[in-house]
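Since the model is a prediction, treat every value here as computed from it, not as a measurement.
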Amino acid sequence: MSIGQFCVVMLTATHSTGNRESMIYSVDNRIATITLDRPDQLNTFREQDYATLENLLQRFIDDDAAAVLILTATGKAFSAGQDLNELTGDKAFDTTHQATQLARLQNLTRLLAGTNKPTITALNGFAVGVGLELALASDFRLATSNAYFMFAEAQRGLFQTNGVLYFLPRLIGLARAKEMLLTGDKYSADYALSAGLIHRISADDALLADARALAERLRDNSPLSIQLIQHALAATYDTSLEEMLELEVAGNLEVFASTDFIEGVQSFLQKRDPAYSKG
């Protein structure tokens, strides 16, 4: 795919009831967007949705034409979480089946958190359970003013997935994480912003524009610098100061040997925007 080319692929699956589910993957000017598109079902996740999203995330990671990802949804909800209708019947008590599905679900977090490409979640409405857990694995979270956030597992006799017990205390601190997880209460966008759960609040009609503006800023930075920064930050809680200083030296030496370094210096001296390699 050439730079700037626009493509849209609609992936749909037909449920046994005849309802349709879909997610949309698009790339426009090196910014990929995955849109959850089951608004009538509040973008809840069923088993086939995990497989579809897993495939689309892998597609983004492998897509040389995509530098940044925006994950968003249609309708009044980003996602109401797991479709609880699937937690009934024989499969709900089949531990082998549940372990298989949990492994696929957890892999979504590995893909989102493991890519060095920047990821943005644009929360167009409320996010509950799995939907909110997935958002935590992205690099940036923007939300509309009417969005709210809720981990309802303790109220439903369930348990967290998708690394929420890893991400949430690191984002908002242990005390606030305990409050959100143990009460299962709803929390407003204002609370989420003040706690550090989200980065900014957007007007309803400006959410995607704000997300895209951020994506463009990230896209236009050095891919190598972003990759090295992402790698270092991912290790920050498990790395000593001395180890991080050594990592900084290694990163600088790699940068100095790159064309991105040359372009960054030349563009500054020539007073123009840099035109980095596409990563």
Side-chain angles (χ1 to χ4, degrees), residues 7-11 21-39 41-46 48-63 65-82 104-144 147-149 161-164 167-168 171 189 192 197-202 204 206-219 226 230:
C7 70
V8 176
V9 176
M10 174 80 78
L11 298 182
E21 64 171 359
S22 63
M23 295 182 190
I24 304 168
Y25 179 85
S26 65
V27 179
D28 181 11
N29 203 11
R30 304 188 68 236
I31 298 172
T33 304
I34 296 176
T35 305
L36 311 181
D37 194 24
R38 296 181 65 220
Q41 291 77 35
L42 301 179
N43 297 309
T44 52
F45 281 87
R46 297 178 297 194
Q48 63 260 43
D49 298 316
Y50 300 147
T52 300
L53 184 55
E54 184 179 35
N55 291 335
L56 293 181
L57 288 173
Q58 190 62 60
R59 178 173 182 169
F60 161 69
I61 292 169
D62 296 338
D63 192 347
V68 185
L69 173 67
I70 298 172
L71 177 62
T72 191
T74 58
K76 64 182 181 180
F78 174 73
S79 174
Q82 169 74 40
R104 168 159 274 167
L105 181 57
Q106 304 285 50
N107 196 45
L108 298 177
T109 292
R110 292 188 181 94
L111 292 170
L112 264 174
T115 178
N116 286 322
K117 296 179 180 180
T119 56
I120 303 165
T121 299
L123 297 148
N124 54 294
F126 61 86
V128 177
V130 173
L132 179 51
E133 291 167 3
L134 283 173
L136 299 187
S138 61
D139 295 312
F140 299 91
R141 287 161 297 282
L142 282 61
T144 56
Y148 67 80
F149 309 95
T161 55
N162 290 89
V164 64
F167 292 115
L168 191 63
L171 290 171
L197 185 64
I198 61 176
H199 292 80
R200 69 184 65 167
I201 296 174
S202 297
D204 291 0
L207 177 66
L208 289 181
D210 289 348
R212 186 163 183 89
L214 175 58
E216 289 172 350
R217 291 181 62 190
L218 298 167
R219 176 202 62 197
I226 284 181
Q230 292 275 62

Give me the ring orientation class for F140 and H199: parallel if the planes are under 30° apart, tilted from 30 to 60°, perpendicular past 60°.
-> tilted

Heavy-atom check, side chain of E54 versus side chain of L105, under 4.5 Å | no

Heavy-atom donor-acceptor pair, R141 side chain to L123 backbone, under 3.5 Å | no

Show me, pair by pair, the donor-acceptor contacts under 3.5 angstrom made by side chains of residues 111-122, not counting sequence neighbours?
residue	atom	partner	partner atom	Å
T115	OG1	K117	N	3.1
K117	NZ	F60	O	2.8
K117	NZ	I61	O	3.2
K117	NZ	D63	O	2.8
K117	NZ	A66	O	2.9
T119	OG1	D139	N	3.0
T119	OG1	D139	OD2	3.4
T121	OG1	S138	OG	2.9

How about S79 and N43: does a side-chain donor come under 3.5 Å of a side-chain acceptor?
-> no

Answer yes if the side chains of T161 and E133 hold a donor-acceptor pair under 3.5 Å, and no otherwise.
-> yes

CG-CE distance between L36 and M23, expressed to the nearest 0.5 angstrom = 5.0 Å

I70 pairs by side chain to side chain contact (heavy atoms under 4.5 Å, CB included) with which of T35, L142, I31, L207?
-> I31

side-chain contact (heavy atoms from CB on, under 4.5 Å) between R38 and R46, worked out = CA-CA 11 Å; R38 296 181 65 220; R46 297 178 297 194; 3.3 Å; yes

Can you tell if the side chain of L208 reaches within under 4.5 Å of the side chain of T33, non-hydrogen atoms only?
-> no

Measure from the side-chain N and O atoms of N124 to the backbone N and O of G75, and report whether any donor-acceptor pair falls under 3.5 Å.
-> yes

Dump the intermediate steps for side-chain contact (heavy atoms from CB on, under 4.5 Å) on N29 and R219, then the final yes or no.
-> CA-CA 9 Å; N29 203 11; R219 176 202 62 197; 3.1 Å; yes

